[in-house]
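Everything below concerns the one structure shown next.
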Amino acid sequence: MVNHQIIDDRNTNLSIEDFAALRENLHEQRLFRQEQLHQLSTAARADAFRDRQAASQIEVRVTLAASARMVLADVEAALTRMDQGRYGTCHLCRSPIARERLMIVPQARYCARCQQVREADR
């Protein structure tokens, strides 16, 4: 029999299985981003020794590394929220983040409505 117990009473609709799958997904993302940063760093060091390296290729690597660091920070923050029992709650309105959103973007900090507001303000 499958256990469909809810993680807490915030009405996030996350079962224990959902929570475990999300945690595993976040761990996989963290490993991927750490490896990506390692590879980009290694490539950057190799590029430093090549005078022919195009500036645009270096710029792409710098941009990719910055993006990877941002995602890694988001993933680690989500894992911390899980450990602290605060996972699945919007940072702005404090409402539960929809299960469907978390299954797609497990490191989400905001519910869909607040995310749209944040993006509209940019």
Side-chain angles (χ1 to χ4, degrees):
M1 178 175 181
V2 177
N3 183 354
H4 289 286
Q5 177 183 353
I6 302 300
I7 294 300
D8 60 34
D9 61 357
R10 290 182 307 214
N11 195 25
T12 59
N13 295 322
L14 289 176
S15 67
I16 290 174
E17 292 83 3
D18 290 339
F19 193 78
L22 287 164
R23 182 181 291 278
E24 179 63 26
N25 181 306
L26 289 165
H27 280 292
E28 288 173 10
Q29 285 189 53
R30 178 171 49 187
L31 289 173
F32 172 79
R33 294 302 174 179
Q34 288 171 335
E35 178 60 25
Q36 182 182 31
L37 287 169
H38 174 74
Q39 289 176 1
L40 288 167
S41 175
T42 301
R45 281 192 298 264
D47 290 345
F49 295 107
R50 287 187 230 143
D51 293 330
R52 296 176 304 215
Q53 187 66 32
S56 62
Q57 290 177 334
I58 294 171
E59 185 177 333
V60 167
R61 286 197 183 103
V62 168
T63 301
L64 285 172
S67 177
R69 279 190 291 277
M70 282 179 29
V71 173
L72 180 58
D74 287 345
V75 165
E76 289 179 342
L79 288 166
T80 298
R81 289 191 304 275
M82 280 184 166
D83 292 342
Q84 295 173 345
R86 298 182 297 113
Y87 183 79
T89 301
C90 178
H91 282 214
L92 289 179
C93 69
R94 303 293 181 214
S95 295
I97 300 173
R99 176 188 180 276
E100 294 78 18
R101 177 164 170 70
L102 291 172
M103 297 307 276
I104 295 169
V105 185
Q107 68 270 26
R109 293 174 189 248
Y110 308 102
C111 67
R113 186 178 59 81
C114 289
Q115 183 68 41
Q116 288 175 341
V117 169
R118 285 181 50 82
E119 289 174 3
D121 288 342
R122 288 184 189 171

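For the single chain, residues carry numbers from 1 onward in sequence order. Quick caveat, the model's predicted, so the values are computed rather than measured.
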With sequence neighbours left out, the residues meeting side chain to side chain donor-acceptor pair (under 3.5 Å) with Q39 are E35
Sequence neighbours excluded, the answer for side chain to side chain donor-acceptor pair (under 3.5 Å) partners of H91 is none
Distance-only, no hydrogens or angles: does the S67 side chain make a donor-acceptor pair with backbone N or O of T63 under 3.5 Å? no
Name every donor-acceptor pair, under 3.5 Å, that has one atom in a side chain of residues 105-119 and the other anywhere in the protein, sequence neighbours excluded.
from	atom 1	to	atom 2	distance (Å)
R109	NH2	D74	OD1	3.3
Q115	NE2	E119	OE2	3.0

Which of H27, Q29, E28 passes side-chain hydrogen bond (donor to acceptor under 3.5 Å, both in side chains) with N25? It is Q29
Review point. Is there side-chain contact between D18 and R99, with at least one heavy-atom pair below 4.5 Å?
Key: yes
| message | With a 4.5 Å cut-off on side-chain heavy-atom distances among I, L, V, M, F, W and Y, is there a chain of contacts connecting L22 to V75? | response | yes
Taking atom CE as the centre, does M70 end up with more than 12 heavy-atom neighbours from other residues, nucleotides or ligands that are less than 6.0 angstrom away? no
The remaining residues in the hydrophobic cluster of F32, counting side-chain heavy-atom contacts under 4.5 Å among Ile, Leu, Val, Met, Phe, Trp and Tyr, are none
Here the pair of heavy atoms bringing I97 nearest to C90 is CG1-N, 3.7 Å
For R81, the salt bridge (Lys or Arg N to Asp or Glu O under 4.0 Å) test, sequence neighbours excluded, returns none
Hits for salt bridge (Lys or Arg N to Asp or Glu O under 4.0 Å) against D121, two or more places apart or cross-chain, chain-then-number order -> none
